[in-house]
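Everything below concerns the one structure shown next.
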2 protein chains.
Amino acid sequence: MKNVSKFSSLFKVLSDPNRLGLVFELCKCREANVGQLSQCCSIDFSVVSRHLSKLKGAGVLGANKKGKEVYYDLKREELARLLREFADEIESSSCCN
Amino acid sequence: MKNVSKFSSLFKVLSDPNRLGLVFELCKCREANVGQLSQCCSIDFSVVSRHLSKLKGAGVLGANKKGKEVYYDLKREELARLLREFADEIESSSCCN
DNA sequence: TTCATACTTGCATCTTAATGCAAGTGTATA
DNA sequence: TATACACTTGCATTAAGATGCAAGTATGAA
């Protein structure tokens, strides 16, 4: 079942509280760099950096380099679409053939 | 942010491939007991039992004891509702105030 | 070219969780 | 009551992942 690994890896990347906190933060900030997120979420710089790159790797965030800084932004529509796709699949009666 | 822990724990329970496989299986089977799921998913009995109880604890599954057997079923609407709630929150501009 | 800033990555440590066997609990049937 | 069946739980092992410091890389400014 390829949907299993597709969705389980998405859920995994969203399952860490710090990571999900960053997602919510980016949801209201529109975009932010590593230093800003590290500060407002009170998480070590290197930890934030790794979380963001993991979220980016999963397609949840986009990244935009401006000079020395990297600005991350939430890919709202993609993320929302994936979750609704899962919800639809769950609600349709025989979802995993 | 209480939504962070609410959703991160939901995502965590869905993030294990075996567990998500059981969810998909229950999605098409409507309901099944531990032995049936253990067999069709090729996972050790005790492992399946623990995964199911974790999913039940998270409100993803319901359980129904019939004699010696326990039949688990997927709470489709609740699960779909939660995920759509998350999707809506993500898409609304300032979601985490 | 030197320095500071912004970020990434290597590494060691520590938690958390998954796994499977074996033992325990509960329930129906002989 | 004894036995079998369905499941749960304890325990030890193993693996995966989070964390933070320190060192490395990249980019802009002096």
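Residues B:K66 and B:D16 each lie close to DNA chain C; by heavy-atom proximity, the contact nearer the 5' end of the strand is made by B:D16. Each of A:S46 and A:K65 was matched to the nucleotide of DNA chain D holding its nearest heavy atom; the match closer to the 5' end belongs to A:S46. Residue-to-nucleotide proximity on DNA chain D shows that, of A:K68 and B:S53, the 5′-proximal contact is made by B:S53.
A 4.0 Å heavy-atom criterion places the boundary nucleotides of DNA chain C facing chain A at C:dT5 to C:dC11, written 5' to 3'.
The hydrophobic cluster containing A:Y72 also contains A:I43, counting ILVMFWY residues as joined when their side-chain heavy atoms lie under 4.5 angstrom apart, directly or transitively.
Taking atom CD of residue A:E69 and atom P of nucleotide D:dA29, one finds them 11 Å apart after rounding to whole Å. In this entry the distance linking NE2 of A:H51 with P of D:dA16 reads 18 Å, nearest Å. Rounded to an integer number of Å, the gap from A:L20 CG to D:dA18 P is 13 Å. Counting to the nearest Å, the C1' atom of D:dA6 and the CZ atom of B:F45 are 5 Å from each other.
Nucleic acid contact class of A:K12 (heavy atoms, under 4.0 Å, all strands): sugar-phosphate only. B:V34 comes within contact range of the sugar-phosphate backbone alone, with a heavy-atom separation under 4.0 Å but no base atom that close.
Residues B:E89 and A:R76 are not paired through a salt bridge, judged by the lack of any N-O separation under 4.0 Å between the basic side chain and the carboxylate. Salt bridge status for A:E85 with A:K6: present, with a side-chain N to carboxylate O gap under 4.0 Å. Ionic pairing of A:R84 and B:E91 is present here: one or more N-O contacts between side-chain nitrogen and carboxylate oxygen are shorter than 4.0 angstrom.
Distance alone, capped at 3.5 Å, places no donor-acceptor pair between the B:S38 side chain and the B:V34 backbone.
In this structure, A:R50 does not reach the D:dG20 phosphate: none of its side-chain N or O atoms is under 4.0 Å from OP1 or OP2. A close approach under 4.0 Å does occur between a side-chain nitrogen or oxygen of B:Y72 and OP1 or OP2 of D:dT8. Proximity of A:K54 to the phosphate of D:dA18: a side-chain N or O atom is located under 4.0 Å from OP1 or OP2.
B:N3 contributes atom CG, which lies 9.0 Å from atom CG of A:L20 (distance to the nearest 0.5 angstrom).
Ring pair A:F24/B:F7 is tilted by interplanar angle, where 30° to 60° counts as tilted.
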